[in-house]
Amino acid sequence: MMRTHTCGELRKENIGVRVRLCGWVDTVRDHGGVIFIDLRDRYGLTQVIFDPRDSQEAWDLSQTTRGEYVIQVEGDVEARPPEMENEKLATGAIEVRCDRIQILNKSLTPPFPLDDKGVSEDLRLTYRYLDLRRPQMQEHMRKRHEITQAVRRYLDQHQFTEVETPILTKSTPEGARDYLVPSRVAPGAFYALPQAPQQYKQLLMVAGSDRYYQIARCFRDEDLRADRQPEFTQIDVEMSFITREDIYEVIDGLCAEVMQISGHGNITLPIARLSYEDAMNRFGTDRPDMRFGMELVELSEVFRDTGFNVFKKVLEAGGVVKAFNARGLGAVPIRVMDEWTGLAQEAGLGGLAYIRVQEDGTWKSPIVKFFSDREQAELKETLDIRPGDLILFAADKRPVADGALGRLRLLAGRAAGAIPENKYSFVWVTDFPLFMRDEEGRLQSMHHPFTSPHPEDMDKLESDPLSVRALAYDIVLNGVELGGGSIRIHDPDLQKRIFHLLGIPKEEAEDRFGHLTRALAYGAPPHGGIALGIDRVVMMMIGGRTIRDVIAFPKTQKAMDLMMGAPAPVDDRQLKDVHLKLTRPRGGEEKKPVDE
RNA sequence: GGGGGCGUAGCUCAAUUGGUUAGAGUACCAGACUGUCGAUCUGGGUGUUGCGGGUUCGAGUCCCGUCGUCCCCGCCA
């Protein structure tokens, strides 16, 4: 037996017991005579002690240990002298007096201290196995495991069956860029890694699975962000014979379960709902952070016949004037205002109009002089303007004004300290538009082409497609999109009609989606589902800033695996096997894995 | 594809207007020390200032390029 206990286990009750422990040397405190070693494993830290009077041989060996050496020790659990107890340690009431030690493995000096948080991330990623050894990262991995387990348990209790779907599948040019895998046996043909198991899960509904879920790995070859990795994991769910309400109910319960298991207590159910239209109007985004106010207010009516030319022109052109009250930011430095103006311009605004309300109630602003008394009075009333407030205006086409103010609202909320850190505000955003226009002005699915139109808008599909709502929904937490889904189309004729509206020629639709429309034609039940990004869910539950902290081996912003050195060139033999020829010399040198 | 930040000892950082031998803490190495738990004390600098080029009597510092990493926009059905 390598060990009788773990390093987090021993307590006063174990005093007098002979034990064997294994772990990593956390710190060595050598007093010339007695030597203390903090022994660490996943479960905790135990102080072991070597005294030459107990065993000269063991003492000699213990003196040669260094940080991160892997050792096995054997000795007796002792009470610490009363004044020497360490309250910071769970095992702090005891220590292990050792007369045997074996060095199981030595360690080089670690490239960075394992007890330090301020280490550059590329170094952590290069030596991820050491980074993951840190108690904090172990806790993250454990949390992730517990959440995943809770999800499985919950869905199992709700009659869901976990089904695995292929990783090697077919490219669907719509949506994100695919990762491609060349086929050896079909020269010139490629598999694609799934962006999501979308079509498979719908086919499982046709197959009568009724309730499916999967903790599914997804791949998207797009640029990375703090909350986006090229491969990520979804809690993928699909249900038959349901309406949106059934999805909300199941996922409400799931969110409550995850909050509970993560130690955040009970949340009030049902989770609030907000239409896409309201979200855009009130928060300027489809993923509103509902932890604070500062809601956007439309002022077009207040300024309907204003003398202020900038607003006037926008309103005449069919645009809107909107604003929000950044309460308490009236004294914000001009430097910050300049920065925000720059950001507003980046968001498409011509400029950023504002009023800084002084403590005495007077308005300091370059534009107020153009406002009539009535306009000023109505402004004050509508925005509930008080001393010390900051009012930020946007005048433009509605989406531009909303988008800009939506971003500014977040900055203002943060600057004002108006966002409570320990609050968890879930919200459903519902009734997304079915379509949007792409850069070339063509109709495109906002969610995906299998999303059911809202039944009330069915007659506008051809006449006014952009106004058609979808039976689509997102679940949002504190301004972060955790997931989204929809009720799907189960009528093959409607599905074909949507493909047609999207400008996909019949033949191409058959080629790309024939398997799906054909399946729908064989008695597909009404169905719908949702997918939640589990990386983001876990990130939110630990209060993290990036999903890299909850992924064991994440990639850098350039999609590199610094530890493995992936991606990397392959040799000509491998290329030949899959019938590939490079049109460009191999770019860059091979990333050397860590030496030594 | 675009904007911005960072890059100096193993690690985290400092280095005046461009100035002479690039420092600090920590880690590491050696020695001392029998109750520490961020051990302490003494001694030791271990450096291609990311890389390449340029300007200059002189570059960590200025200029150009390049690489890496992070944040954001675009992109992410």
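The chains referred to below are lettered A, B, ... by the order of the sequence lines, with proteins before strands, and numbering in each begins at 1. Remember, it's a predicted structure, so these values are computed and weren't measured experimentally. Side chains are part of it too, since the values below use all heavy atoms of this structure and drop only hydrogens, waters and symmetry mates.
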Sugar-phosphate or base contact per nucleotide [nucleotides 22-28 of chain B; S, B, -; heavy atom under 4.0 Å]: -----SS
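Taken residue by residue, residues 476-492 of chain A places no heavy atom nearer than 4.0 Å to RNA chain B.
Evaluation of atom-type donor-acceptor distances gives a pair under 3.5 Å for the side chain of A/Asn86 against the base of B/C37.
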Can you give me every donor-acceptor pair (side chain of residues 337-345 of chain A, partner residue at least two apart or in another chain, under 3.5 Å) with its distance?
{"residue": "A/Thr341", "atom": "OG1", "partner": "A/Met337", "partner atom": "O", "Å": "2.7"}
{"residue": "A/Gln345", "atom": "NE2", "partner": "A/Gly350", "partner atom": "O", "Å": "3.3"}

Extract all donor-acceptor atom pairs below 3.5 Å that involve side chains of residues 402-416 of chain A and protein atoms in other chains or at least two apart in sequence.
{"residue": "A/Asp402", "atom": "OD1", "partner": "A/Lys322", "partner atom": "NZ", "Å": "2.7"}
{"residue": "A/Arg409", "atom": "NE", "partner": "A/Gly293", "partner atom": "O", "Å": "2.9"}
{"residue": "A/Arg409", "atom": "NE", "partner": "A/Met294", "partner atom": "O", "Å": "3.4"}
{"residue": "A/Arg409", "atom": "NH1", "partner": "A/Asp289", "partner atom": "O", "Å": "3.4"}
{"residue": "A/Arg409", "atom": "NH2", "partner": "A/Asp289", "partner atom": "O", "Å": "2.8"}
{"residue": "A/Arg409", "atom": "NH2", "partner": "A/Phe292", "partner atom": "O", "Å": "2.8"}
{"residue": "A/Arg409", "atom": "NH2", "partner": "A/Gly293", "partner atom": "O", "Å": "3.0"}

Indicate every side-chain donor-acceptor pair of residues 57-67 of chain A with a distance under 3.5 Å to a residue at least two apart or in another chain.
{"residue": "A/Trp59", "atom": "NE1", "partner": "A/Gly33", "partner atom": "O", "Å": "2.4"}
{"residue": "A/Asp60", "atom": "OD1", "partner": "A/Gln56", "partner atom": "NE2", "Å": "3.1"}
{"residue": "A/Ser62", "atom": "OG", "partner": "A/Trp59", "partner atom": "O", "Å": "2.8"}
{"residue": "A/Gln63", "atom": "NE2", "partner": "A/Asp30", "partner atom": "OD2", "Å": "3.4"}
{"residue": "A/Thr64", "atom": "OG1", "partner": "A/Leu61", "partner atom": "O", "Å": "2.7"}
{"residue": "A/Thr65", "atom": "OG1", "partner": "A/Ser62", "partner atom": "O", "Å": "2.8"}
{"residue": "A/Arg66", "atom": "NH1", "partner": "A/Gln63", "partner atom": "O", "Å": "3.3"}

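For A/Tyr43 and A/His5, the ring centers are positioned 6.0 Å apart or more. For A/Tyr473 and A/Phe432, the ring centers are positioned 6.0 Å apart or more.
A/Arg97 approaches A/Asp51 most closely through the heavy-atom pair NH1-CB, 3.5 Å.
Applying the side chain to side chain donor-acceptor pair (under 3.5 Å) test to A/Arg497 and every residue at least two apart in sequence or in another chain returns A/Glu462.
The interatomic distance linking A/Leu349 (CG) with B/C73 (C1') rounds to 16 Å, in whole Å. One interatomic measurement links the two molecules: CG of A/Leu123 to C1' of B/C70, which rounds to 14 Å at whole-angstrom precision. One atom, CG of A/Asp561, and another, P of B/U69, lie 11 Å apart when rounded to the nearest Å. In this structure, A/Tyr127 atom OH and B/G10 atom C1' are separated by 9 Å, rounded to whole Å. Per the geometry, CH2 belonging to A/Trp59 stands 9 Å off P belonging to B/U34, to the nearest Å. For the pair A/Leu411 CG and B/C72 P, the interatomic distance rounds to 12 Å; values are reported in whole Å.
Taking the six-membered ring where tryptophan is involved, the planes of A/Phe450 and A/His448 are tilted, since the angle between them lies from 30° to 60°. Ring orientation note: the planes of A/Tyr127 and A/Phe112 are nearly perpendicular, at an angle over 60° on the 30°/60° scale.
Here, B/U16 and B/G50 have their P atoms 15 Å apart, quoted to the whole Å. A distance of about 29 Å separates the C1' atoms of B/C67 and B/C28, rounded to the whole Å. To the nearest whole angstrom, the two C1' atoms, one in B/G38 and one in B/C11, are 16 Å apart.
Residue A/Gln47 is in base contact, counting any heavy-atom pair closer than 4.0 Å across all strands shown. Note on A/Thr451: nothing from the nucleic acid sits closer than 4.0 angstrom, heavy atoms only. Nucleic acid contact class of A/Asp115 (heavy atoms, under 4.0 Å, all strands): none. No engagement by A/Glu83 is indicated, since no non-hydrogen atom pair under 4.0 Å with the nucleic acid exists. Counting non-hydrogen atoms under 4.0 angstrom, A/Thr172 reaches nothing in the nucleic acid. Among the heavy atoms of the strands, none lies under 4.0 Å from A/Ala347.
Picking from B/G1, B/U36, B/U69 the nucleotide with the shortest atom distance to the side chain of A/Arg29 gives B/U36.
Here A/Phe112 does not lie in a stacked arrangement on the base of B/C11, lacking the combination of planes under 30° and ring centres under 5.5 Å apart.
An OP1 or OP2 oxygen of B/U69 is reached within less than 4.0 angstrom by no side-chain nitrogen or oxygen of A/Arg124.
Annotation: A/Lys170, atom NZ; neighbour count of heavy atoms from other residues, nucleotides and ligands within 6.0 Å is above 12.
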